[in-house]
There are 2 protein chains.
Amino acid sequence: MTTDGDELLAERLKEHGLRVTPQRLAIYRALVATAEHPTAQMLYERLQPALPSLSQATVYNSLQALVACGLVHELGDAGDGALHYDADLSPHLNLVCTRCHRIEDFFDPSLALVDSAVNSTSGYRIMGARLVYYGLCAACQAAPAGAASTAP
Amino acid sequence: MTTDGDELLAERLKEHGLRVTPQRLAIYRALVATAEHPTAQMLYERLQPALPSLSQATVYNSLQALVACGLVHELGDAGDGALHYDADLSPHLNLVCTRCHRIEDFFDPSLALVDSAVNSTSGYRIMGARLVYYGLCAACQAAPAGAASTAP
DNA sequence: TTTTGTGCAAACGTTTTGCAATTAT
DNA sequence: ATAATTGCAAAACGTTTGCACAAAA
């Protein structure tokens, strides 16, 4: 591999006629660095210290650009009304805890079977996927009230 | 089976301490009757002729009630920014056309494998799922510009 | 009768947009 | 140089909510 994250970003952006800006780089890096599936708002707050001039609009716009380039997946909302994003493009599914709104990844070989079934028999030209199971994570099952280890 | 759709609705609503209203019945029937995965707005417009007094708030509220009872699944948005709903609860995935925003169903035996993998190894108590593949439907692949057979 | 749901309109929070200044190419 | 992107603020959008009336239990 000759392409680390930054180079991949630059390459893909250029492929799509888009410019490489520090904001896009920062947003992409933040997304690659975390396993938390953040929202635009979360990214905005997280990047604020490093890029004090960053605006919310730019976060939203940049995420759109990254999604358009196929560098990032939009995960939909997790019961909190905001869209979550993920830079992990490997075929996996998300486990969304409806109590604490956390999103975990889940990998299983059976996913490959679904993938090939869809690709071979749906008639669609597939561009992406989002596989989500909703439920209560182990922590929230154990906790009686709103005692999830991160956010209630 | 002794329960047709209406009876199932009544039963489930009562189970959850909710009342059986004509609006909820109409919304549920409309959802069962169509394979279109409509949004709240679409349902509102569709039911307007039959229930002229129906309000948008009631559509939104009723959909929440139906989801809470497990009678209907919330499908997320299809690139049009609005939530879609489905009364077909059988394990299947949705094919979302990102050009015409149509949602199709897709069934395959491999889905059962994923299901059992998630249930047995995730540690989550699963309450629901949404499996979506995004891409271009056959019609939109064939059409050069915005010539989808229903909505561009 | 008592409690829940409806309908209306106003509020909410997320996301998008118009525009001038800035910056990547 | 030139066209795209940023940042700001205001708008737009889907959705939710407060309240009085109506209706289900």
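Every chain is numbered from 1, with letters handed out A, B, ... down the list of sequences. Values in this document were obtained by computation on a predicted structure and should not be read as measured data.
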Count I, L, V, M, F, W, Y as connected when their side-chain heavy atoms are under 4.5 Å apart, and connections chain through other members. Are [X] and [Y] then in the same cluster?
X      : Y      : answer
A:L8   : A:L89  : no
B:Y85  : B:L13  : yes
A:Y60  : A:L31  : no
A:L51  : A:M42  : no
B:V118 : B:F106 : yes

Whether the side chain of [X] engages the backbone of [Y] through a donor-acceptor N/O pair (distance < 3.5 Å, no angle test) should be reported.
X      : Y      : value
B:S120 : B:S116 : yes
B:R102 : B:V96  : no
B:R24  : B:L66  : no
A:H84  : A:G76  : no
A:N119 : A:A117 : no
B:S62  : B:T58  : yes
B:Q141 : A:G123 : yes

Do any of residues 39-54 of chain B sit with a heavy atom less than 4.0 Å from DNA chain D, and if so which?
none

Near DNA chain D, which residues from residues 78-85 of chain B have a heavy atom under 4.0 Å away?
B:G81, B:A82, B:L83

With a strict under 4.0 Å distance from non-hydrogen atoms of chain B, what nucleotide opens and what nucleotide closes the contacted stretch of DNA chain C, reading 5' to 3'?
C:dT3 to C:dA9

Residues in contact with DNA chain C, drawn from residues 15-34 of chain A - heavy-atom cutoff 4.0 Å:
A:R19, A:V20, A:P22

Looking across every strand, which nucleic acid part, if any, lies under 4.0 Å from B:N61 by heavy atom: base, sugar-phosphate, or nothing?
base

Rounded distance (nearest 0.5 Å) linking atom CG of B:L9 with atom SG of B:C69
7.5 Å

Could you note down all residue pairs passing side-chain hydrogen bond (donor to acceptor under 3.5 Å, both in side chains) where residues 25-34 of chain B supplies at least one of them, sequence neighbours left out?
B:D6-B:R29

What integer distance in Å separates A:Y60:OH from D:dA11:C1'?
15 Å

Is the phosphate of D:dT6 approached by A:S55 (side-chain N or O, under 4.0 Å from OP1 or OP2)?
no

Considering just the side-chain nitrogens and oxygens of B:Q64, establish if one lies under 4.0 Å of OP1 or OP2 belonging to D:dT16.
yes

Just report the end-to-end axis angle for the helix from C:dT1-D:dA25 to C:dT25-D:dA1, five pairs per end, to 10 degrees.
50°

Where do A:E7 and A:R12 land on the salt bridge (Lys or Arg N to Asp or Glu O under 4.0 Å) test, with the steps shown first?
CA-CA 8 Å; A:E7 286 173 20; A:R12 289 291 188 81; over 6 Å; no

